[in-house]
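So you know, we letter chains A, B, ... as the sequences are listed, proteins then strands, and number each from 1.
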Amino acid sequence: MSVLVNKDSRIIVQGLTGSAGAFHAAQCKAYGTKVVGGAVPGKGGTIHEGIPVFDTVEQAVRETGADVSMVFVPPPFAADAVIEAAYAGVKLVVCITEGIPAMDEVRIKCALERTQTRLIGPNCPGIITPGECKVGIMPGYIHKPGRVGLVSRSGTLTYEGVWQLSNRGIGQSTCIGIGGDPVIGTTHTDAMKLFIADPDTDAILLMGEIGGTSEEEAAAYYKASGTKKPCAAFIAGATAPPGKRMGHAGAIISGGKGTAAEKKAALLAAGIAVADSPADMGITMIRLMVERGLAPSSALG
Amino acid sequence: MKLHEYQAKEVLSKFGVPTLPGFVCTTADECEKAATDLGGLVVVKAQVHAGGRGKAGGVKLAKDPAEARAKGAAILGMTLISPQTGPEGVLVRKVFVTSACDIEREHYVAITLDRAKGLPVVMACKEGGVEIEEIAAHNPSAILREYFRPDEGLFAFQARKIAFALGLTGPLMGETVKFLQALCKAFVARDCSLLEINPLVVTKQGKVIALDAKVAVDENAEYRHKDLAAYRDDSETDPVEARAKAMDLAYIPLDGSIGCLVNGAGLAMATMDICKFHGAAPANFLDVGGGASREKVTEAFKIILADPKVKAILVNIFGGIMKCDVLAEGVVAAARDVGLNVPLVVRLEGTNVERGRQILAESGIRLVVAKDMTDAAQKVVAAAGGK
């Protein structure tokens, strides 16, 4: 019941011996994720958090059969780490690191075009298939296995949306935090494609924010796909002033473009229900699901 | 980080981008000396981080050193108000005194990062000295775009395409290609987020020159450009914003009455939105970040409480990386330090939420605990005096 990661995914952690890497590797493991190794140059042969550490990703993949890497490497070295994983044949790289120079993100993108690797992030909370596999920093317990696919540029706002669904008994197939930077690996549209194609996803909740055109592109894709899966959305930043970077490097209205109003209009025009209040993300999704018989009416209560 | 024109030109000239000589001056005496040293006609240009300087009276031609002195005296210390500065304007502390040239024609060239393509893009427009946003809105086909990869740079054929489109042919072609390739090289090597030459001019003598230059450097890349640190000029930055930045807090002051303290940029924006949705405008954007320490939360509180417009504070935390008990301790410590003089509404959810709520409840601090975002927004709007 998922996209990209499931109970069979085998995860290595790049930057395992750093404090964030170690903490979250342990959290992922505790959630039931198969964390099979770590890759830290110079720490090969050691054991950290009960996880074997390798000097290179190539060794880690060879020894553990890992197909997913979670990257906690500091910004100056993060691009190299992501490209190392891709060149070692890792299928999915999830880069949590915040603060990577935009030019390095472009370099990652150019390098990954020559591989079969998909990147999620950077500057993201990661990806979770509830009950099966958590690759990221999200609090696991708020999630519930189910059939809503969720995609978001934010971290904590994603948790909010998940919580609103779980509290009403509505679970998630997979939740993807695509990250708040201007150049990211997986876009709203990429996630939308995966969810539309996934037989175990019934409905899609999209969370966006000001800046760029990622939400508009996803809206256009949704409409053109002709999918019957209902989609609900929320766009953060209706009150954000133009020309100011709102925390995320990518959250900026520039040259009058990338406003919440524009994005909402594009989503609505594509037949996507848009919540006006962030407190109504969950209920907006659930209403659509109840209308189509995808959720019990008791979930509205 | 935004660079001033004179700084941008220093950076660009090291990559071989032709600019006109000049001196940065802070006094009328210096302006006179600069004009003497340069000789001939000069231009005195206000150095502020905003466009629209010419129309705002911040750029003046001077025919001799005495006039340069007079023009410098007039511009230095003026409050320059342009559409980009806001109504309060900015104080001019520095001017750039630079040689003038005989302009044959003007064009527009800029490099930025195209988010949708994930690549740097050179944008060129035959018309120079224009607001590119206006052209983009009304005549988008007038803007030529060429994308390039950082490790390849702009190919010569791409530069030629631009040169042909601008009509920079014949003897100007070679110079234009070199000019554009140098710009792209500088953009990548200096981790620019924006590099704008508006205008690029062709002189009557047939030279291609960057007459103006606007450069912004990616903040995430500042660590590898230590030499540019000397260029930092925070005099135009809101002092509270600068203080927040020093504490690694993302803070942006706004006009409303609800102080917001939130973890995560998306949730912080959503929190502003929900305050407005329930009838009161936010006083700020504030993201305490992922691994926010007790000290950071304390500082965030002080920054919000220092704003006299704040009538009530909403703390909205969804604990993932940041645990609710850590936040609760921060709130309690800050409240004790600063003395809470406005109502406080706290909404906590996530990791260690029970311990967090317990810490708040046992602190003896007067605060309202909200059960969810709507409840929190309604309570804080009511506490701030309602709609």
Among [options], residue most engaged with chain B (heavy-atom pairs, under 4.5 Å):
options: A:K244, A:E160, A:E209; value: A:E160
options: A:G208, A:A240, A:G250; value: A:G250
options: A:V106, A:V183, A:I184; value: A:V106
options: A:G211, A:P125, A:S214; value: A:G211
options: A:M207, A:K257, A:E113; value: A:E113
options: A:A251, A:P76, A:A279, A:G247; value: A:P76

Does [X] pair with [Y] as a salt bridge, N-O distance under 4.0 Å?
X: B:D375; Y: B:R347; value: no
X: A:D104; Y: A:R107; value: yes
X: A:E217; Y: A:K263; value: no

Looking at chain A, which one of [options] has the largest number of heavy-atom pairs inside 4.5 Å, strictly under?
options: B:A116, B:A268, B:A221; answer: B:A221
options: B:A281, B:C192, B:A376, B:A265; answer: B:A265
options: B:I252, B:V262, B:L113; answer: B:I252

Report yes or no: do B:D218 and B:S193 form a side-chain donor-acceptor pair below 3.5 Å?
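Result is no, nothing qualifies.
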
Side-chain donor-acceptor contact under 3.5 Å, B:Y108 with B:E196
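A pair is found: one side chain offers a donor N or O, the other an acceptor, under 3.5 Å apart.
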
Let me know if B:E152 has heavy atoms under 4.5 Å from chain A in its side chain, its backbone, both or neither.
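Looking at B:E152, nothing touches chain A.
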
Tell me, for B:D372 versus chain A, whether the close heavy atoms (under 4.5 Å) come from the side chain, the backbone, both or neither.
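Interface part for B:D372: neither.
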
In terms of ring plane angle, is the pair B:F187 and B:F148 parallel, tilted or perpendicular, where the classes change at 30° and 60°?
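Ring orientation of B:F187 relative to B:F148: perpendicular.
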
Pairwise distance CD(B:E354) to SG(B:C324) - rounded to 0.5 angstrom
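Atom-to-atom, B:E354:CD and B:C324:SG are 9.5 Å apart.
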
Is the cationic atom of B:K185 (NZ for Lys, CZ for Arg) positioned less than 6.0 Å from the six-membered ring centroid of B:F15 and within 45 degrees of its normal?
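The answer is no; the distance or angle limit is not met.
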
A:I142 portion near chain B, given a 4.5 angstrom heavy-atom threshold
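Answer is side chain: those atoms of A:I142 sit under 4.5 Å from chain B.
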
